[in-house]
Amino acid sequence: MKPFIAFSPASAMDIWRVASEATMLAFEAQAVVGYRIMGMAGFWAVTPHENTRMVKEKTNAFTEAGVAVTRAALSGARPDQIAGAGMKPLRQRTKSNAKRLAKRGPKLP
């Protein structure tokens with residue numbers, strides 16, 4: 001008996017694309033964590049509301065990611081497309097935060 005596959009399998013390029021997105025997400029998230037920790041220690045110029053912003057952004061981003069993953073899965077998307085849909089809102093936040101915090105620079109006396 002032949003197994004039923006409702007979608008075409010992901011190509012190597014599709015898998016590479018999702019892996020690249022995951023890698024960039026990890027690098028950007030680590031940069032943002034580093035900037036924020038240096039900001040908490042007084043070494044990086046951050047706004048006084050950075051900690052509050054950090055918590056609010058995480059809840060919003062993960063809610064959006066959960067909705068995107070659910071929609072993709074229920075629409076019959078491939079696993080790589082589902083993962084990509086979930087990473088998109090997270091990458092938007094990490095990318096913009098990394099750029100924004102990098103521009104602020106070190107806190108000089």
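In this chain, residues are counted from 1 in sequence order. Computed from heavy atoms alone, side chains included, the values below leave out hydrogens, waters and symmetry copies. Worth saying up front: this structure is predicted, and the values here are computed from it rather than measured.
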Drop me the distance from Arg53's CZ to Asn51's CG, to the nearest 0.5 angstrom.
-> 12.0 Å
Do Val46 and Met38 come close enough that some side-chain heavy atom pair is under 4.5 Å?
-> no
Throw together a table of side-chain donor-acceptor distances under 3.5 angstrom for residues 79-92, partners on residues two or more places apart or in other chains.
unit_1: Asp80; atom_1: OD1; unit_2: Arg78; atom_2: NE; d: 2.9
unit_1: Asp80; atom_1: OD2; unit_2: Arg78; atom_2: NH2; d: 3.0
unit_1: Gln81; atom_1: OE1; unit_2: Arg78; atom_2: N; d: 2.8
unit_1: Arg91; atom_1: NE; unit_2: Glu28; atom_2: OE1; d: 2.9
unit_1: Arg91; atom_1: NH1; unit_2: Glu21; atom_2: OE1; d: 2.9
unit_1: Arg91; atom_1: NH1; unit_2: Glu21; atom_2: OE2; d: 3.4
unit_1: Arg91; atom_1: NH2; unit_2: Glu28; atom_2: OE2; d: 2.8

By the rule that ILVMFWY residues connect when side-chain heavy atoms come within less than 4.5 angstrom, directly or transitively, which residues belong alongside Leu74?
-> none
Are more than 12 heavy atoms from other residues, nucleotides or ligands located less than 6.0 Å from atom CZ of Arg100?
-> yes
So, the side chain of Trp44 versus the backbone of Ala102: is there a donor-acceptor pair under 3.5 Å, distance only?
-> no
Among the clusters formed by ILVMFWY side chains lying less than 4.5 Å apart, do Met40 and Val32 turn up in the same one?
-> no
Shared hydrophobic cluster for Val18 and Leu25 (ILVMFWY, side-chain gaps under 4.5 Å) = yes
For Arg104 and Glu50, run salt bridge (Lys or Arg N to Asp or Glu O under 4.0 Å): C-alpha distance rounded to whole Å, both residues' side-chain angles, the deciding distance at 0.1 Å, then the answer.
-> CA-CA 12 Å; Arg104 297 195 61 85; Glu50 191 64 37; over 6 Å; no
Any luck finding a side-chain donor-acceptor pair between Asp14 and Ser11 under 3.5 Å?
-> yes
Could you tell me whether the side chain of Asn97 and the main chain of Thr94 form a donor-acceptor pair under 3.5 Å?
-> no
Spacing of Arg93 atom CZ and Phe62 atom CZ [to the nearest 0.5 Å] | 10.5 Å
